[in-house]
Structure formats: structure tokens, C-alpha cells
Number of protein chains: 2
Amino acid sequence: MSDDSPAAVHRVGSRKPAATIYDVAEVVGVSPSTVSRALNKPGRINAKTEERIRNAAEALGYRLNPMARALLTGKTAMVALLVSDITNPVFYDIVRGAENVATDAGYTLVFAESHRRSDIEFATVERLQPSVDGVLVVASLLDEEQIAQLSETKPIVIALRRVDGIPHVVPNSETGLVQALDHLQELGHRSIGYLSGPTTFWANRNRWNILLEHAVAKGMSIVEIPPDDPVPNGGATRLRRILASGVTAIVAYNDLMAIGLISECKQEGVDVPGRLSIVGFDDVYGANLISPSLTTIDSSLGKVGAAAMSCLLAQVDGTTAYEPPELPTRLIVRESTTSLPS
Amino acid sequence: MSDDSPAAVHRVGSRKPAATIYDVAEVVGVSPSTVSRALNKPGRINAKTEERIRNAAEALGYRLNPMARALLTGKTAMVALLVSDITNPVFYDIVRGAENVATDAGYTLVFAESHRRSDIEFATVERLQPSVDGVLVVASLLDEEQIAQLSETKPIVIALRRVDGIPHVVPNSETGLVQALDHLQELGHRSIGYLSGPTTFWANRNRWNILLEHAVAKGMSIVEIPPDDPVPNGGATRLRRILASGVTAIVAYNDLMAIGLISECKQEGVDVPGRLSIVGFDDVYGANLISPSLTTIDSSLGKVGAAAMSCLLAQVDGTTAYEPPELPTRLIVRESTTSLPS
DNA sequence: CCGGCGCTGTCAACCGATTGCCTCGCCGCC
DNA sequence: GGCGGCGAGGCAATCGGTTGACAGCGCCGG
């Protein structure tokens with residue numbers, strides 16, 4: 001039976017108009033304002049009346065119209081979450097963490113994607129702002145001025161990027177990267193390559209700076225392998241350059257690039273980790289599936305999303321200033337790194 | 001000035017109140033209704049006046065307040081997308097496809113997760129309905145009655161599940177599954193196991209029914225390996241049962257279960273595909289990363305999401321009845337299947 | 001010379017909920 | 001007995017934008 005055929009037919013047009021406080025008021029025989037108070041100022045109204053109103057509201061299937069409330073109060077109980085690319089697994093846990101916090105706090109999450117274009121990002125935030133109480137942007141591509149400008153309209157929080165004067169939540173990349181360098185040093189590696197990400201990304205520059213500083217301090221040599229392709233797994237095309245550089249281990253900007261590099265190595269017959277040890281960043285879904293499984297740095301993205309959303313809601317509610325927790329990263333050793341045969 | 005102090009500080013409270021049509025009207029010297037008409041009924045107003053109004057609106061940074069419009073017109077220009085589990089990669093492409101269509105049509109996407117609980121799913125749809133023009137639910141967990149009930153309030157579309165009387169978009173699993181059976185038969189397999197998913201899932205029963213019908217027709221023997229664990233990768237614990245059953249190939253409910261099974265095989269030293277050929281379903285991210293890479297069935301989830309959203313928007317706009325495209329699935333042969341040594 | 005028409009723009013009601021202010025009735029206390 | 005106080009509920013304005021009804025005006029034809 002081929003029952004997969006899509007059903008286009010449907011009884012349309014028969015939708016109920018949705019009950020309002022006026023309907024409830026009429027049923028109970030009170031004024032709409034009394035209904036409003038009964039429903040959200042417990043105690044303001046006589047207990048018995050309140051009870052009758054609640055029952056009537058229940059019976060009518062009354063739901064508050066968020067638009068109407070928003071119009072008057074200016075609070076929409078919605079927050080926007082903007083990522084540059086939905087299909088990038090780096091964002092999954094962030095989205096989930098943020099969604100949980102928002103939902104628990106009674107906020108509805110509006111979700112949007114900027115398709116990796118800063119102009120779309122700007123326009124999208126602008127478009128969304130009237131509908132939401134605040135915006136959480138993950139790894140924003142905008143200038144600091146643009147962010148500051150958007151911040152004048154509604155609260156905005158940035159995740160995975162440090163922006164002066166704007167609340168942001170960023171895991172501490174240093175702890176994990178230092179652990180990675182220690183790990184590689186213990187394995188006998190002296191010459192490291194950093195497989196760089198998009199040069200405009202704050203996180204990319206940040207990671208490189210940390211690596212540079214600590215590698216030098218540890219007496220290791222390090223070199224940045226610049227990207228020649230802006231797509232995330234553009235790492236694959238750079239294998240030749242890496243081999244030519246003489247490094248024995250690579251720290252990649254992120255797991256996607258590391259995974260791309262491993263694939264390339266497989267194709268070219270380069271042994272990983274025998275010839276080249278590889279460390280990723282983020283521990284995304286898939287990092288432990290690939291063979292060899294990827295040694296990488298866990299940046300607890302779920303917590304980043306949750307913390308960023310908490311930070312945003314704290315601003316929206318205007319209550320206490322939210323103090324972001326320390327979010328250390330840590331190395332997860334798997335199969336893609338091994339000791340250098342000395 | 002020169003407030004370069006660290007992140008926590010931020011000039012709060014200094015947010016602009018956002019321009020309204022009243023502000024624009026005052027600047028131009030016309031009435032608010034004229035501004036409204038100028039902005040969204042081109043031609044209704046004198047061209048020069050309209051021009052002046054547009055300029056003033058631009059200068060003031062005027063943005064329409066969607067809440068205000070929604071209150072009167074009943075159209076919010078938002079649609080909700082509900083999935084059961086954000087971290088399930090099956091949904092990524094669906095979300096992306098749906099987001100693109102919604103954004104292109106000028107709709108804002110509200111995103112929510114039901115945490116795999118049908119009660120949360122129901123409550124979430126109910127909560128979201130007043131704010132949106134329609135709801136797209138992916139792989140709904142609800143009864144048909146519940147879905148019908150929700151459908152009375154606002155348009156609803158279901159993806160990845162067939163529901164009588166409710167518009168739905170489902171890829172045709174039959175084409176891909178038949179190809180998989182053909183593929184396995186060519187490789188010499190005569191005895192197949194279906195590694196079943198959650199028994200309550202429509203898609204699970206659907207796939208099993210299709211497999212049963214066609215395997216029998218092809219003269220192959222087939223057996224359903226029931227789940228003993230509701231989590232997606234619960235497949236890992238079932239290896240013993242599979243081996244005991246004597247089948248030489250497994251078709252899994254989805255890639256997650258197939259990947260779990262492969263991991264288990266690795267741990268237990270069972271050769272894949274030498275001892276057991278494995279076919280997944282969905283071709284999610286990661287299916288080609290694992291080793292051996294997974295033979296699976298591509299169900300073009302991006303198109304499913306796009307089609308489902310188009311279907312929803314067609315209902316919302318009340319324009320033409322949307323005719324969902326045929327969405328065939330097809331087999332992708334990789335390394336996890338091989339011929340049976342006869 | 002007058003009626004009527006088309007073009008522009010204004011008026012005012014309305015969507016649903018919230019909230020400051022007011023009223024009414026009742027109680028208790030001096 | 002008079003008055004203050006308080007509990008309970010109503011009135012009406014308000015948020016921002018939309019829209020049907022209508023008014024002023026210039027112009028045309030009869």
C-alpha cells in the first residue's frame with residue numbers, strides 16, 4: 001500500500017475566534033478589567049469572584065493574547081536567537097541551552113539564521129527587534145559599531161565573541177588550549193601548526209593569540225596555517241601546505257576543519273595520527289564518530305547558550321545584574337593524537 | 001567619556017522609544033492614517049506625499065510594530081516550528097528548509113522543543129498559537145484527536161507523519177527502502193532484520209510495514225528487532241539479540257540507531273560489514289564520517305521542511321491550495337554493506 | 001451653471017489587555 | 001451618629017496600526 005501520498009484535503013475555514021477577557025467578563029457578569037485583575041493580580045479581587053472567573057476562563061478555553069499585552073506593556077515575552085548557520089553543529093548545543101533557559105523563564109524563542117552574511121544579520125536583528133524583548137547573537141559577524149547601534153534599541157547579548165561594552169558570554173579557551181599544548185608536548189611534539197579559521201572571526205584570532213603566547217612560553221614552535229577558503233571545512237585543501245611546513249601536530253580552529261583535514265589525510269594516504277596529530281575544538285556531534293576519533297577541546301556549548309540566555313533575560317527583566325559563570329574548556333583525548341617517535 | 005571598563009558595565013536605560021506612525025505623521029504634517037496608507041497601500045496616496053512620508057520614516061528609523069498590526073488584523077506574520085529534540089540531527093535540515101521558506105515569505109520563525117514529551121508538545125502548541133499564524137510540527141507525538149483539536153484554533157501542518165484530515169508532508173519511504181532491499185538481495189542477503197525504533201512513532205511502523213510487504217514479495221525473510229530502550233541510539237544494546245537471530249543484514253529505523261549499532265559492533269569485535277551489513281535511514285550529518293561509512297537512505301529532509309512550511313503558509317495565506325511535491329527517498333551506498341560470502 | 005466624479009486626505013472606531021483613578025457600600029471606632 | 005478606612009469592582013484611557021466612511025477640492029460634461 002502506497003499510503004505515503006500527501007493529503008491536500010482539509011476542512012478549512014472552521015476556526016474558532018478565540019475567547020477574550022470580554023467573553024469571560026460577559027459570562028461571569030463582571031467587567032473586563034476585573035477579569036484581567038483576577039487572572040494576574042491574585043488577591044486583588046474577592047476570592048469567590050476570582051474563582052468564578054477562573055472557571056469561566058477555563059471553560060471558554062481562554063488564552064491571553066500576547067500581542068495585546070505587548071502593545072500596552074512593551075514586553076513581548078519573546079527573545080530572538082540568531083546564528084549564522086543552522087547546519088553548523090557548533091550551534092546545536094548552544095541553541096538547546098538557550099531554548100531551555102528561555103522556555104523555563106516563560107519566554108518564547110524566535111529563531112533566525114543569517115546565512116553567514118553580516119548584512120543579513122544586521123537586517124534580521126533590526127526586523128526582529130520590535131517583536132522581541134532582546135536578542136542573543138551567536139558569533140556575530142557585525143562591527144562593534146553596528147552591534148552598539150542595535151544595542152540602543154533593545155538589549156543584546158553576544159555569545160562566543162568578546163565585544164567591549166556589550167554583554168557577552170565566551171568560554172575560556174585558554175584552559176583547553178593550554179591542556180592541548182601540554183598534551184602535545186608530553187607526546188614529544190615541538191613544532192605545532194594552527195589551522196586557522198576565517199580571519200574575520202573573533203574566536204579565530206583569540207585562539208591563535210592564546211596558542212602563540214603559550215607555545216612560545218613552553219618553548220615550542222608554532223605557525224599559523226592561514227585559510228584559503230572561507231567555508232568551514234576548507235581545511236581539506238591545505239594539507240599540502242601543512243606537510244610542507246614540517247609541523248608534526250595541528251591544532252585546528254574547530255572540529256569541522258579538523259574533520260575536513262582528517263578526511264583529506266585519509267584520501268591522500270597520510271597517516272593520522274602516525275604522521276600528523278590533530279586536535280579539534282568544540283567537541284561537536286560527530287567528533288567521536290570519525291575514525292580516528294578526534295582529540296578535541298570541549299567548550300561546553302550548552303552552558304554557553306544557557307549562560308548567554310540567562311544574561312539576556314537578566315537584562316530584559318532589569319533585575320539583578322547577571323554574573324556569567326566561569327566556563328573553562330578542557331581537552332578530550334581521543335585517537336587523533338599520538339606520541340612522536342623520537 | 002572613555003568608558004573602556006570591562007564587559008559587565010553597560011549604559012542601560014538609554015534606549016530609544018522607537019518611532020511610531022504618529023511620530024512620522026507629526027514630522028510630515030499629515031494624519032497617522034495617511035502614513036499607514038502611504039506605507040502599505042502604494043498609489044492610494046499622492047505620490048509626492050508618499051515620498052515625503054517614506055523619507056521621514058526612513059529618517060526617523062521607523063519600524064512597524066508587528067504587535068499593533070497583529071492585534072487588529074489577526075495576522076502575526078509568525079509561524080511556529082516544533083521539534084521533539086533539538087539535538088537530533090534528523091531535524092537540522094528540516095529546520096533549515098523551513099526557516100528559509102518562512103523567511104523568504106516574510107514570516108518570522110518561532111522555534112520550540114517538546115523534549116520528546118507529548119504533554120509538553122500539546123501545551124507548547126497551545127501556548128504558541130495565539131502568537132502565530134500557524135504551526136508546523138515535526139514528527140508529532142500527539143494523538144490524532146489532539147492534533148485535530150489544535151487544528152481547530154489555527155492551521156497546523158505535520159511533517160514526517162501521516163495524519164488523516166490534517167495536512168502533512170512525508171517523504172515516500174517506499175522508494176528508498178525498496179532500493180535498499182534490492183541492494184541487499186543483490187549482495188546475496190536473504191535474511192534481514194529491521195532494527196525497530198520507538199514503537200509509538202508513526203514513521204517506525206510505516207517503515208516496518210513497507211519492509212515487511214516488499215521483503216515477502218521478494219522472497220526474503222525479515223524479522224523485526226524490537227527496541228528495549230526508548231533513546232535514539234538504544235540500538236547498541238541489541239547486538240546480542242541481532243546476532244542470535246541469524247540475520248546477515250540490518251535495516252535500522254534511522255541513522256542514529258545504525259550508528260549506535262556500528263559502535264557496539266566495534267566494541268564487541270563484530271565485523272561490519274563482513275559479519276553484518278547495516279543500512280541506516282535519513283543520511284544525517286555524521287553518516288559519512290563514521291567508519292565504516294554508513295549505507296543509508298536519503299530522505300531529502302531539507303525539502304521536507306521546505307515543503308511543509310510552504311504547505312503551512314499556503315493555508316495561512318488562504319490562497320491557492322498547496323500541492324506538496326513528490327519526495328522520493330533513495331539509497332546511498334557506502335561502506336557498511338557488502339556481499340555475503342556464498 | 002450645476003451635478004457628479006475622482007483624487008487625497010482626515011476622522012473615528014476598533015483589536016485585547018492593562019492600570020490609574022474613582023465610586024460604592026459596609027464596617028468599626030470614637 | 002458621623003466619619004475614616006478599606007475592600008471590591010467599574011470606567012476610561014492607552015498602546016500602534018488599520019480601515020470604512022466621509023469631506024474638501026478641482027475638474028469635466030451636460
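Predicted model, so just to flag it, every value in this text is computed and none were measured. Letters go in sequence order (proteins before strands), and every chain restarts at 1.
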Could you walk me through whether B:R54 and B:E50 satisfy the salt bridge (charged side-chain N to carboxylate O under 4.0 Å, His left out) test, starting with their C-alpha distance in whole Å, then the side-chain angles of each, then the deciding distance to 0.1 Å, before giving a yes or no? CA-CA 6 Å; B:R54 286 192 186 284; B:E50 184 177 327; 3.3 Å; yes

Which parts of nucleotides 16-28 of chain D does protein reach within less than 4.0 Å, heavy atoms only, written one letter per nucleotide 5' to 3' as B for base, S for sugar-phosphate only and - for none? BBBBBB-------

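Counting only N and O atoms by type, the side chains of B:Y322 and B:D317 include no donor and acceptor under 3.5 Å apart.
Using a distance-only test at 3.5 Å, with no hydrogens or angles considered, a donor-acceptor pair links the side chain of A:Y92 to the main chain of A:T87. A donor-acceptor distance shorter than 3.5 angstrom exists from the side chain of B:E99 to the backbone of A:E113, with no hydrogens or angles considered.
One interatomic measurement links the two molecules: CD1 of B:I53 to C1' of C:dT8, which rounds to 11 Å at whole-angstrom precision. At whole-Å resolution of the value, CZ in B:R52 and P in C:dT8 are 14 Å apart. To the nearest angstrom, P of C:dG9 lies 11 Å from NZ of B:K48.
Nucleic acid contact for B:V30: sugar-phosphate only, since backbone atoms but no base atoms lie under 4.0 Å from a heavy atom of the residue.
Dense packing is recorded around CD of A:E126, with more than 12 heavy atoms of other residues, nucleotides or ligands lying under 6.0 Å away.
Here the options are A:V163, A:V125, A:D164, the test is side-chain contact (heavy atoms from CB on, under 4.5 Å), and the partner is A:I147; only A:V163 passes.
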